[in-house]
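Chain identifiers are assigned alphabetically (A, B, ...) following the order of the sequence lines, protein sequences preceding nucleic acid strands; residue numbering begins at 1 within each chain. What you are looking at is a predicted structure, and each value in this text was computed from that prediction instead of being measured.
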Amino acid sequence: MKKLINNPDNVVDEMIEGYVKAYPQYVKRLSDNKRSLVTAKETREGKVGVLIGGGSGHEPAFMGYVGDGMADGVAVGNIFASPPPDPILEVTRAIDKGAGVVYVYGNYAGDVMNFGMAAELADLEYGTKVGMVLVTDDIASAPKKESEKRRGIAGEFFVTKAAGAAAEKGYSLEDVVRVAKKANHLTRTMGVGLTPCSLPQTGKPSFELEDNEMEIGLGHHGEPGMEKGELQPADQVAERLVNEILADMPVENGEKVAVLVNGLGSTTRMELYIMFRRVEQILSEKGIEIHRSYVGDYSTSLEMGGCSVTLIKLDNELIELVNHPADCPMYVQK
Amino acid sequence: MKKLINNPDNVVDEMIEGYVKAYPQYVKRLSDNKRSLVTAKETREGKVGVLIGGGSGHEPAFMGYVGDGMADGVAVGNIFASPPPDPILEVTRAIDKGAGVVYVYGNYAGDVMNFGMAAELADLEYGTKVGMVLVTDDIASAPKKESEKRRGIAGEFFVTKAAGAAAEKGYSLEDVVRVAKKANHLTRTMGVGLTPCSLPQTGKPSFELEDNEMEIGLGHHGEPGMEKGELQPADQVAERLVNEILADMPVENGEKVAVLVNGLGSTTRMELYIMFRRVEQILSEKGIEIHRSYVGDYSTSLEMGGCSVTLIKLDNELIELVNHPADCPMYVQK
Amino acid sequence: MKFTAEDLKTFLKNVVDVMEENKDYLSELDRKIGDGDHGVTMSIGWQAINEKLKEELKTEKDCGKICIIAGRTFLSAVGSSVGPLYATGFLRGAKVFHGKSDLTDEELVDFWVAFIEGVKDRGKAELGDKTMVDTLQPALESLKSQFNQTRDFVAAFSKAVSAGEKGMMSTKDLLSKRGRSSRLGERSLGNQDPGATSAFLILSAFFTTVNSVHTV
Amino acid sequence: MKFTAEDLKTFLKNVVDVMEENKDYLSELDRKIGDGDHGVTMSIGWQAINEKLKEELKTEKDCGKICIIAGRTFLSAVGSSVGPLYATGFLRGAKVFHGKSDLTDEELVDFWVAFIEGVKDRGKAELGDKTMVDTLQPALESLKSQFNQTRDFVAAFSKAVSAGEKGMMSTKDLLSKRGRSSRLGERSLGNQDPGATSAFLILSAFFTTVNSVHTV
Ligand SMILES: Nc1ncnc2c1ncn2[C@@H]1O[C@H](COP(=O)(O)OP(=O)(O)O)[C@@H](O)[C@H]1O
Ligand SMILES: Nc1ncnc2c1ncn2[C@@H]1O[C@H](COP(=O)(O)OP(=O)(O)O)[C@@H](O)[C@H]1O
Ligand SMILES: [Mg+2]
Ligand SMILES: [Mg+2]
Ligand SMILES: [Mg+2]
Ligand SMILES: [Mg+2]
C-alpha cells in the first residue's frame with residue numbers, strides 16, 4: 001500500500017482542509033465542526049435544505065456534490081464510517097432556511113443510527129423539520145423481497161440529484177422527500193470488484209482475490225460481495241450487471257433511463273467507456289431509451305478496482321430533475 | 001494486470017465507441033475515420049478551430065475536452081502513440097470554418113512528426129491555415145536551457161483552455177496561437193509516480209519500483225523519470241514539486257496563478273486534496289494568489305499511481321480565458 | 001465491594017489499553033466480513049476518551065458525568081455503527097450513576113443492565129443476528145440471575161464474562177443479519193463478529209478492574 | 001540477381017513474421033527506456049500490411065505501388081514515432097521503384113539510400129542520438145561503399161546488415177538524445193534502443209529474402 005499521505009490518522013482532516021481551500025467559491029467549513037461543510041453561496045430563505053453525508057473514502061462523494069442544484073451541506077465521517085450526530089446537526093442548523101432539511105444517506109447501520117439521532121436532536125433542540133431519504137440501490141446486498149434492507153451505493157448520485165433539483169425548484173419538504181424516494185425506488189445498482197482497497201490506517205487489502213478472480217456484487221466499502229467469480233471480459237460483466245438490474249426492475253421498450261457507469265477508484269475511464277459501450281448495446285437492443293449518461297468516478301471506494309452500473313427509470317418529473325443544471329466542485333451540468 | 005476489457009487489440013476502438021454513445025449531445029465521430037471526433041454542435045462560421053489529440057491512455061484527456069470553450073475536435077491515437085496524419089487531417093477539414101485551425105499537442109517525437117505531416121497536407125491539399133502550439137510544460141523532461149525539448153503533460157489542459165476560450169471569444173488564428181503559446185510559456189508541471197501502469201497488450205508494468213520508492217519527474221506514458229527516490233510524506237512531495245516549479249518559473253508575491261493537482265490514474269482524490277493542501281500552504285506563504293484550482297484526474301497514464309502539480313502564471317488576458325465557461329463531457333465550468 | 005469514581009476511570013483506561021492492543025485483531029475480523037475498520041474505529045474512539053481521562057476527567061468524581069463524557073466523546077470521535085451503540089450504552093448507564101462517586105454492587109448491576117438494554121434499543125438487533133448483542137445479551141442474563149442468586153458481584157460478573165465469551169464464540173457459526181456483514185449470507189459463516197469481540201473485551205476489562213479492586 | 005515484385009512482397013511478409021516473433025522483446029526494450037509499446041506498435045503496423053498483402057497487394061506487380069501501400073498502411077495503422085519514420089522510408093523508396101516490377105541491384109541500393117535518407121529527413125536524428133539511425137546510417141554507408149567496390153549486392157548487403165548490427169549494439173552505450181528516452185540521461189545507458197533493434201530486424205529480413213532469391 002503506497003499512498004500520498006502524511007500521518008494516516010490525519011487523512012480525513014487534511015483532505016477536508018485541502019478540499020475547502022481548493023474550492024472556496026463553492027464550499028466553506030462551519031466554525032463549530034471542521035467536518036461540517038456547507039455551500040459558500042447564501043441559499044434562499046424558504047428553500048428546503050438538502051443534507052448529504054457518510055463515511056469518507058468515497059470521494060468525489062459526498063462532499064463533491066455540495067453546490068447549486070445538489071446538496072446544501074455535507075457531514076463527513078471517518079473513512080467508511082458514518083459521521084456522528086454532531087456535524088450532521090451543525091449542518092442541519094446552517095442550511096435550514098425555515099422550510100426544513102432533507103437528509104439523503106445510504107442504508108447502513110451506522111448511518112441509520114447517526115442520522116437518526118441527529119434528526120431527533122434537530123427536532124428536539126431546534127424544532128427543525130427533517131425529512132429522511134434512505135438510499136437502497138444495491139441489488140446485490142439483499143434479495144428483492146427484502147429490498148428495504150439494501151445498501152446505498154453509486155445510485156445515491158441520482159437520488160441526491162433529484163432532491164437537490166427539486167429543492168432548488170422550490171418544492172416543499174414533503175415533495176422533495178417524495179421525489180427523492182421515488183428516485184430511490186426507481187434506481188438500481190450492481191458492481192464488481194477487481195482489486196481491493198486498503199484503509200490508510202491498517203494498510204491491509206479489503207478483500208483477497210486471485211489474479212483471475214473478481215468479486216461480484218461487492219459493497220461500497222470493500223465489504224466482500226455476493227460471490228467470487230472468474231474474471232470475465234468487459235462485455236460479459238456488463239451483461240451480468242445489466243441483466244440482474246433489469247430482472248430486479250423491469251424496464252419496458254420505449255421507457256427512458258439515465259445510466260451511470262461508476263468507477264470504484266483505480267479503474268481507468270478507458271475501461272468504463274468499454275463497459276458503457278456494452279450497456280448501451282443491451283439497452284438499445286431492448287428499445288430502452290438512454291436519456292442521459294454519466295461515466296466516471298462518481299462514488300469510489302478509495303483505490304478499489306472495478307465498477308458499478310446504475311440505471312434509474314425516468315418519468316417526466318424525474319426527467320426534468322435530471323435535466324436541471326448543477327454546479328458543484330466535482331459535478332457541473334449545464 | 002486485471003482490466004475490464006475485451007480483446008486488448010480493440011480497446012481503443014471500443015473505448016471511442018462507448019464514449020461517443022455516452023455523450024451524443026457533445027461529440028460525434030466523422031464517417032471518414034472512426035478515430036476522428038468533433039463537437040456535436042455546429043460551430044460558428046469564421047471561428048478558429050481548435051484541434052487536440054495524442055495517444056490514448058490519458059483519459060479524460062484528450063477526447064474529454066471537446067466542447068464549448070475548449071476544443072472543436074480530437075484525433076485519437078493508439079495507446080501512448082500519436083495518431084497518424086489521417087484522422088488529424090479529417091478533423092482539420094471538419095472544424096475549419098474559414099478562419100484556420102490551431103493544433104495543440106504535446107512535444108513528443110511522434111506527435112511532432114504526425115501533426116506536422118497533417119498540417120503540411122492540410123495546407124497542400126485544402127489550403128487550410130494551420131497554427132501549431134507545442135506543449136512543453138514538464139520541467140523534469142529537460143533542463144531550463146533546453147526548455148524547447150520539454151514534453152507536454154498535464155499543463156496541456158491550461159493551454160487547451162486558453163486556446164479554446166480565445167477561439168470562442170472570436171480571436172484570430174494568430175491571436176489564438178499567441179495566447180496558447182503564452183499559456184504554455186507560463187505553465188510548468190512536475191509529477192511523481194508511485195505505481196506503474198501496464199499496457200493492455202503487454203500486461204507488463206511500465207516501470208519497476210520497490211515498495212518504499214517513488215519515481216520523481218516521470219513521464220506521462222510510464223517513461224522512467226529523472227530519479228528514483230524514497231517514498232516521502234505527501235507534504236514533502238508537494239514541497240519538492242512546487243519548489244522545483246518555482247525555481248524554474250519564479251512567481252512574485254502578489255502575482256496570480258491557477259493550480260492543477262492532477263491524478264495519474266489510480267491515486268484517490270483524498271490523496272490529491274492532501275497534496276493540494278500543502279501546495280496551497282506554500283503558495284500562500286509566499287504571497288502568491290491562487291485564482292482558481294483544479295484537483296482531479298485531468299490527464300492520466302492509464303492506472304498509474306501518482307500525481308503532478310501544475311502552475312500557470314496568469315496575466316489579465318489569461319485570467320479572462322481561465323474564467324471563460326466550458327462545456328465538455330469531462331469538464332464543465334460555469 | 002467498594003467501586004469508586006477512580007475505579008471507573010481505571011476501567012476506562014483498561015479499555016483504552018485493551019483496544020489499542022487488539023486494534024489489528026479487530027480490524028482483521030472486520031476485514032473478513034465487513035469493511036475492515038472496527039479496530040481503527042475502536043482505537044479512535046477510546047483514544048479520544050483517553051484524552052478526556054488525562055484532562056477534563058482527571059478530577060471528576062461524579063460517575064454519571066464520567067459516563068456521559070465517555071459516551072459523548074466516543075460518539076463524536078467515531079460515528080460509525082459502534083459510536084451510537086456504545087455511546088447509548090454509556091449514556092443510559094450514566095443515569096444509574098447520576099451524582100454518585102461510590103457505587104454499590106446493585107448499582108453496578110443496574111449500570112450493565114441499562115448499558116446493554118441501551119445498545120439493544122439503539123441497534124434493534126436480536127440475539128443470533130451476529131452482532132455485539134450476541135456477547136452482551138448472554139452476559140447480561142448471566143449477570144442478573146447469578147447476582148440475584150448469590151449477591152456476589154465479582155463472582156457473578158466472572159460468570160457473565162464467560163457467558164459473553166461463549167456468545168462471542170457463537171457468532172462464528174451464525175449467519176449475519178445486521179450491519180455490513182449481513183449481505184454475505186453463507187460467506188459470513190466461520191468468522192467471528194468484530195463487534196461481539198470488542199464487546200467481550202470491554203466486559204473483560206471491567207472484570208479485570210473489579211478483580212483488582214476486590215483483591216486490594 | 002533478379003528481384004521481383006513477388007520477392008518484395010516476400011520481404012514484407014518476412015518482416016511481418018519477424019516483428020510478431022519479436023513483439024515482446026521490442027516492447028521489453030522500450031519498457032526500459034521508453035513507454036513500452038514499440039513491439040505492440042510494430043506488430044499493429046505490420047499486421048496491417050499483412051492484411052494488404054493478403055488482399056489488395058495479392059496481384060500487384062508495381063514495386064512502387066507496393067511500397068506506397070506498405071508505407072501508407074503502416075502510417076495509418078500506428079501513427080506513433082515509427083509510423084512517420086518507416087512510412088517516409090517506404091514512400092521515398094517507392095519513387096525509386098516507380099512503375100517497376102523487376103528490380104536491378106542498382107535499384108535495390110537506391111531504394112535503401114532513399115529509405116534511410118527519408119527516415120533521417122523525417123526524424124532529424126543524428127548518428128549517436130540513440131535511435132534507429134544508429135542502425136540505418138552505418139548500414140547505408142557500408143552498403144554504398146561495398147557495392148561501389150564489388151558490385152555484388154548480396155555480399156554488400158550482408159556487410160551492411162553486420163554494420164547495422166554493430167550500430168544497434170552501439171546504442172547500449174549511448175546517452176539518449178531523441179524520442180521518449182532522452183529524458184533519462186545517464187539512466188538510458190546500458191539499454192539497447194528499441195527502434196535501432198526493429199530497424200536491424202527489417203534489414204536482416206531483407207537479407208534473408210535476398211539470400212533465398214539469390215540461392216534459388
Ligand atoms: N444494529 C446493530 N446492533 C448491534 N450491533 C451492531 C449493529 N450493527 C452493527 N453492529 C455491530 O457493529 C460491528 C461493526 O462495527 P464497525 O466496524 O465499527 O462499524 P461499521 O460497520 O460502520 O464499519 C459489527 O461487528 C456488529 O457487532
Ligand atoms: N526523431 C527520431 N528519429 C529517428 N528515430 C526516432 C526518432 N524518435 C524516436 N525514434 C525511434 O523510435 C523508437 C520508439 O518507437 P515507438 O516506441 O514505436 O514510438 P513512441 O516513442 O512514440 O512510443 C525509438 O527507439 C527510436 O529508435
Ligand atoms: Mg465502517
Ligand atoms: Mg508510444
Ligand atoms: Mg466496520
Ligand atoms: Mg514507445
Side-chain angles (χ1 to χ4, degrees), chain A residues 2-7 11-12 14-19 21-23 25 56-57 59-60 64 192 194-195 211-212 214 231 233-235 237 259 261 265-278 280 290 292-297 300 302-303 305-307 325 327 330 332-334, chain B residues 2-7 11-12 14-19 21-23 25 56-57 59-60 64 192 194-195 211-212 214 231 233-235 237 259 261 265-278 280 290 292-297 300 302-303 305-307 325 327 330 332-334:
Chain A
K2 274 181 182 176
K3 292 188 197 268
L4 275 172
I5 58 174
N6 299 300
N7 184 337
V11 289
V12 176
E14 290 183 359
M15 164 182 78
I16 295 174
E17 209 182 310
Y19 179 72
K21 292 278 189 190
Y23 302 105
Q25 74 273 43
S56 47
E59 293 69 30
V192 291
L194 271 64
T195 50
D211 276 354
N212 62 343
M214 62 182 178
L231 182 61
D235 281 358
V237 174
V259 179
V261 174
S266 60
T267 292
T268 60
R269 274 172 192 69
M270 177 177 281
E271 291 156 271
L272 300 181
Y273 297 135
I274 290 172
M275 285 289 296
F276 179 85
R277 170 181 167 276
R278 185 72 192 121
E280 191 277 338
I290 299 182
R292 198 174 183 110
S293 305
Y294 299 83
V295 184
D297 289 0
T300 62
L302 294 172
E303 72 284 359
C307 79
D327 191 18
M330 293 291 113
V332 187
Q333 181 175 309
K334 281 209 171 179
Chain B
K2 273 181 181 177
K3 292 186 197 268
L4 276 172
I5 59 174
N6 299 298
N7 183 338
V11 288
V12 176
E14 290 183 359
M15 162 182 79
I16 295 174
E17 211 181 309
Y19 179 72
K21 292 279 190 193
Y23 302 105
Q25 74 273 42
S56 47
E59 294 69 29
V192 291
L194 270 64
T195 50
D211 277 353
N212 63 344
M214 64 181 179
L231 182 61
D235 281 358
V237 175
V259 179
V261 173
S266 61
T267 293
T268 60
R269 274 172 193 69
M270 178 177 279
E271 292 158 90
L272 300 182
Y273 297 135
I274 291 173
M275 284 289 296
F276 179 85
R277 171 181 167 275
R278 185 68 192 122
E280 191 275 340
I290 299 182
R292 198 175 183 110
S293 305
Y294 299 84
V295 184
D297 290 0
T300 63
L302 295 170
E303 73 285 359
C307 78
D327 191 17
M330 293 291 112
V332 188
Q333 181 175 308
K334 282 213 173 175

Is it the backbone or the side chain of [X] that comes under 4.5 Å from a heavy atom of chain A, or both, or neither?
X        : result
B:Gln333 : backbone
B:Leu231 : side chain
B:Tyr23  : side chain
B:Arg278 : neither
B:Asn212 : backbone
B:Met270 : both

Spacing of [atom1] belonging to [X] relative to [atom2] belonging to [Y], to within rounding of 0.5 Å:
X        : Y        : atom1 : atom2 : answer
A:Thr195 : A:Met214 : OG1   : CE    : 13.0 Å
A:Asp235 : B:Ile5   : CG    : CD1   : 11.0 Å
A:Ser266 : B:Leu302 : OG    : CG    : 12.0 Å
B:Cys307 : B:Glu271 : SG    : CD    : 8.5 Å
A:Ile16  : B:Ile274 : CD1   : CD1   : 10.0 Å

Non-neighbouring partners of A:Glu303 that pass salt bridge (Lys or Arg N to Asp or Glu O under 4.0 Å), sequence neighbours left out: A:Lys3
Contact class of A:Val237 relative to chain B, heavy atoms under 4.5 angstrom: side chain
Using a cut-off of under 4.5 Å for heavy-atom pairs, which of [options] has the most such pairs with chain A?
options                      : value
B:Arg292, B:Arg269, B:Met275 : B:Arg269
B:Gln25, B:Glu59, B:Lys2     : B:Lys2
B:Thr300, B:Leu272, B:Asp211 : B:Asp211

Chain B contacts, top residue of A:Pro233, A:Ala22, A:Ser293 (heavy-atom pairs, under 4.5 Å):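 The option with the most such pairs is A:Ala22.
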